[in-house]
Amino acid sequence: MDAIVSLADSETREVSLGPVASGCEDRISRLPEDVLLYILSHLPIKDVLRTSALSKRWKYLWTSVSEIDFNEYNHELRLDMKTSFLDSVDNVLLRHDPSDIRKFRLELMMLIIAERINSWVSAAVSHNVQELDLSLPVKKHFVLHYSLFTSESISILKLRMGSYFKFPCLIRLSNLKTLHLAVTFPDDRSTERFFSGCPVLEELVLDNCVWDHNKSITLCIPTLRALTIYNGPFSPDGLLDCVIIVHAENLTSFRYTSCLAIGLLPCNLTSLESAYVDAYVDITYLEHTEDQFPRRAISLLSRIHNVKSLTLSTDTMECLYLEEYLQAGLPTFSSLTHLKVNFGESQYLSDQLLMCLLEKSPNIESLEIPEVFYPDSDRLSTAVPQCFNTRLKTVVISNIDGDDVGELWFLKYMLENATVLERVKIFCVDSEIELVKQEINQQLQPIHIRSKSCVIEFCDESNQEPDIFP
Amino acid sequence: MSKLGQAKRIIFLKTADGQLFEVDEPVAMEFEIVKSFFDENEDAADDTVVPLPNVSAEPLAGIIEFCKAHVEFRANGAAGKDEVKKFNAEYIKEKSNEQLKELILAANYLNIKEMLDFLTETIANRLKNKSVEYVRAFFGIENDFTPQEEEAVRKEYEWAFEGVDED
């Protein structure tokens, strides 16, 4: 319907709309300032600063740029350019026009004096910065500028500082919704005080935080919707005698990747939708504290027992293998409808673990096994889990090549026992689909598929939705 | 505004160079300037022609193509998906820098947020890590600095002029 008709043919009436721009040629070479600034907003600060040499009109255009991102790492600075780089940060923050700075991000590898960093922070805050992202090495007693902690404009705050997290007495971050911290926390009460100053916090990421000085912290964050805990393999040192209790009755998403160094106890998670648990065992400390690891993992799982969708990593499974009394220790996941379990290289007892999880999850509707799984057919339990009889509708299995007796045995076991199964989706390498089909058909004969409406689909692995979790 | 049960409404738009466009209402309503016109003039007759004195036919045709596709994407729940990215990449591939600038001016005047965002980002990507001379040529900017003045500016942000692409 976008046909162009000649004006003479139409009898439509005209109205007037806005002023007419003068000089057609001129306006092409002179894009309006707000459009130029819009373009600048998509450019890294290095490119933005270069535009000051274009012409006199451009010389100070950058002073109203609203997104400022200085990343020393990205720019591969030559040693003799560091001074020029830092002077630019001064210029952009301190000579900015009165308009707002929406975002200020600074990532430094070099250590610079606290006063200078804080002059930038306070400038950003005074320009109503909404997103502040600082990643920098600082000295032990560094305290961020006090104005940051009472900012009414900041809604996203990301701090990555290799030092103690120090802050002034007054914390009132009345608009802070997203907080990412990679810091060493101070004493318990101060830490609690900080979080109580964030009354509308919705997303919290604790990335490799250090809790060496903490024993027992209680955080009440009723507005929290997403909590992510991430600890890399080399921190902290062993299991700490530290318990963190998080009350978050509106939490919907929980992601946990950690070597279980601290005892994390989420409470009242009545709204929890999805959880990802990647709890791994730090083998350096395994000898002395073997039973501590699975116990902490189980304790964590007990706290999230009413989750609807649960993903367990290979490491979590390996950690759970260590528990002698798993059947008794695992909670009942009564709301769980979707379970995804990753079995890695270590297949020891994987069948028993899976059956144990299925027995504890009576309402599972869909089960995903994305990694190789070689159950030992002899050990699969004879008692069919409850969900097989009433709920289990979808099963997704990946990495099947068709020549392993164990994986086929599990497939057969499911097909023969799940009464309401609707769909089995098998992912394999595209070129091998036909081969796998044949293999499975041969190996599974004779088979009695229990659910009459069950469809078995073979799909190309490359179309599989990638795992969104790290 | 069209009422339920009626045939879909067509909006008439007239460009600076005298071309008349018939555009489906949902597509025309992507143009904030057109939308606010009809919001303010609820009793405007169905055959009202909205003049667009700052837009000529060529960019308007391009803009209609873009908005039409995006209205459909949204209707199909495809917004933000790969399909959209593919369309956008294809859409921009054959456009010269001049055409891009024409589109940007038109999208800015018509006030189409989504398209403006996409176009300015596309231009930014074409300018990333380019030399001062390249950017001047791109925008048709005349250098009105004296050599001394330009040298002083370059000296001030010395690090920013390191390691840019060869033209």
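Residue numbers begin at 1 in each chain, while the letters A, B, ... track the order of the sequences. None of these values were measured; they are calculated from a predicted model.
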Open item on the list: Can you see whether A:His338 engages A:Glu365 through a side-chain donor-acceptor pair at a distance of less than 3.5 angstrom?
Closed with: no
Task: Polar side chain donor-acceptor pair, A:Glu67 to A:His42, under 3.5 angstrom - done: no
- [ ] May I ask you to decide if B:Ala44's main-chain N or O and B:Thr48's side chain share a donor-acceptor pair within less than 3.5 Å?
- [x] no
- [ ] Could you check which of B:Arg154, B:Lys130, B:Lys155 has the highest count of heavy-atom pairs closer than 4.5 Å to chain A?
- [x] B:Lys130
- [ ] Between chain A and each of B:Leu127, B:Asn143, B:Asp117, B:Val132, count heavy-atom pairs under 4.5 Å; write down the option with the most.
- [x] B:Asp117
- [ ] Please check if the distance between the ring centroids of B:Phe12 and B:Phe21 is under 6.0 Å.
- [x] no
- [ ] Give a yes or no on whether A:Arg160 atom CZ has more than 12 heavy-atom contacts from other residues, nucleotides or ligands under 6.0 Å away.
- [x] no
Open item on the list: Would you call the rings of B:His70 and B:Phe73 parallel, tilted or perpendicular, taking 30° and 60° as the class edges?
Closed with: perpendicular
TODO: Using the six-membered ring wherever Trp is involved, compare the ring planes of B:Trp159 and A:Phe70 and label them parallel, tilted or perpendicular (cut-offs 30° and 60°).
DONE: tilted
- [ ] Tell me, please, whether B:Phe31 has B:Lys35 positioned over its six-membered ring: NZ or CZ under 6.0 Å from the ring centre and within 45 degrees of its axis?
- [x] no
Task: Cation-aromatic face contact A:Lys46/A:Phe85, 6.0 Å, 45 degrees - done: no
Pick one of side chain, backbone, both or neither for [X], based on which atoms fall under 4.5 Å of a heavy atom in chain A.
X: B:Asn108; answer: side chain
X: B:Glu133; answer: neither
X: B:Asn41; answer: neither

Task: Which atoms of A:Asp80 approach chain B - backbone, side chain, both or neither, heavy atom under 4.5 Å - done: neither
Open item on the list: At a heavy-atom distance under 4.5 Å, which candidate from A:Lys59, A:Lys56, A:Lys82 has the highest pair count against chain B?
Closed with: A:Lys56
Task: chain B-proximal positions within residues 87-120 of chain A [heavy-atom distance under 4.5 Å] - done: A:Ser88, A:Asn91, A:Arg95
